[in-house]
Amino acid sequence: LWPWLLASSGLSALVQLVTLPFFPDSPSYLLIQKGNEEACRKAIRKLWGEGDHQAEIDDIMKEKGAMASTKTLRVLEVIKERSLRWQLYILMTVMTTLQLCGINAIYFYSFEVFHTAKFEEYLIPYVSLGVGLCECLSSILCSTLIDRFGRKVLLWGGYLLMCSVLALLTMTLSLQHRFFWMHYFSVILIFLFVVFYGIGP
């Protein structure tokens, strides 16, 4: 079953490969990058149907004008630019914390935690699959929550909850040999951590 499950990811790639040639190019790409207004109108008609789409074309032309007046910076120029310094710090902090938040350790050690929790050997891969499914569903949930609460609240809340779960998980793993129910609590915490990771960072 697992080889088929892994091979199934190639199915979506095959569907994209077959259907992509039939999709029109982006109207903004055709007008801004290629400078082809007729192809842009044709793509708009194909995407949105017949009608007067002059307002959309005018918006794209405004975007083109704004881009023409904006200077493109090289990497070193971005680093040296004082007005971009705080944005760069924030971006570096978010990307660093994303890599060091512990999600890789959770995925790496979850098999051992499930094994210690006395799950049957044949069930462990399916429980691991459930962890991945949790992340997928929580990411979908995040897309609906981000408009209501904003990115900042979700980031702070996600990291705060993840830290709390990791502290509890450290405690439950330390005490798992004293209390038999700690194994199951550790499994619940792993699922919670993945959900908070999907909703937050």
Side-chain angles (χ1 to χ4, degrees), residues 3-99 101 103-104 107 129 131-159 162 194-201:
W4 288 104
L5 195 61
L6 285 171
S8 66
S9 60
L11 185 64
S12 61
L14 182 65
V15 169
Q16 289 179 37
L17 188 67
V18 172
T19 58
L20 204 57
F22 300 102
F23 284 94
D25 286 320
S26 164
S28 58
Y29 165 75
L30 290 169
L31 191 57
I32 295 170
Q33 302 293 328
K34 296 290 186 181
N36 191 339
E37 189 172 335
E38 186 54 41
C40 172
R41 287 180 185 278
K42 189 177 177 182
I44 287 175
R45 282 196 298 271
K46 194 169 183 181
L47 287 168
W48 298 326
E50 295 296 330
D52 183 24
H53 301 293
Q54 189 57 44
E56 287 82 1
I57 292 170
D58 291 342
D59 285 341
I60 296 171
M61 290 300 287
K62 285 178 190 172
E63 185 184 340
K64 184 178 181 180
M67 286 175 67
S69 62
T70 305
K71 184 188 173 188
T72 305
L73 299 175
R74 295 189 178 94
V75 177
L76 283 176
E77 290 175 330
V78 170
I79 294 169
K80 290 176 183 176
E81 183 65 44
R82 291 183 67 84
S83 62
L84 300 174
R85 194 77 40 92
W86 275 108
Q87 292 93 318
L88 194 61
Y89 289 155
I90 291 167
L91 183 65
M92 287 171 63
T93 304
V94 169
M95 294 312 295
T96 304
T97 52
L98 191 62
Q99 292 300 315
C101 70
I103 190 68
N104 294 326
Y107 275 122
L129 188 64
V131 172
L133 189 63
C134 263
E135 184 180 348
C136 182
L137 292 174
S138 58
S139 298
I140 294 168
L141 178 63
C142 175
S143 64
T144 60
L145 293 176
I146 199 165
D147 291 330
R148 177 178 286 185
F149 298 108
R151 187 75 181 138
K152 190 176 179 180
V153 172
L154 289 182
L155 273 173
W156 276 105
Y159 280 124
M162 285 162 63
V194 171
V195 167
F196 294 146
Y197 172 79
I199 291 173

If I take atom [atom1] from residue [X] and atom [atom2] from residue [Y], how far apart are they, to the nearest 0.5 angstrom?
{"X": "D59", "Y": "M61", "atom1": "CG", "atom2": "CE", "value": "11.5 Å"}
{"X": "L154", "Y": "R148", "atom1": "CG", "atom2": "CZ", "value": "11.5 Å"}
{"X": "L155", "Y": "F149", "atom1": "CG", "atom2": "CZ", "value": "14.5 Å"}
{"X": "Q16", "Y": "L11", "atom1": "CD", "atom2": "CG", "value": "10.5 Å"}
{"X": "I199", "Y": "L141", "atom1": "CD1", "atom2": "CG", "value": "4.5 Å"}
{"X": "Q54", "Y": "I44", "atom1": "CD", "atom2": "CD1", "value": "9.0 Å"}

Looking only at non-hydrogen atoms, find the nearest pair between [X] and [Y] and report the distance.
{"X": "A39", "Y": "L30", "answer": "O-CD1, 3.4 Å"}
{"X": "V194", "Y": "I103", "answer": "CG2-CD1, 4.1 Å"}
{"X": "L88", "Y": "I79", "answer": "CD2-CA, 4.0 Å"}
{"X": "G198", "Y": "C142", "answer": "O-CB, 3.6 Å"}
{"X": "F22", "Y": "K46", "answer": "O-NZ, 3.4 Å"}
{"X": "Y159", "Y": "L98", "answer": "OH-N, 3.4 Å"}

| Should the pair E37-R41 be classified as a salt bridge under the 4.0 Å nitrogen-to-oxygen rule? |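 Salt bridge between E37 and R41, a charged N being under 4.0 Å from a carboxylate O: yes.
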
| field | 4.5 Å side-chain heavy-atom contact, C101 and M162 | value |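 They are in contact (side-chain heavy atoms under 4.5 Å apart), so the answer is yes.
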
| Can you check whether K80's main-chain N or O pairs, donor with acceptor, with R85's side chain at less than 3.5 Å? |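 Side chain of R85 to backbone of K80, a donor-acceptor pair under 3.5 Å: yes, one is there.
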
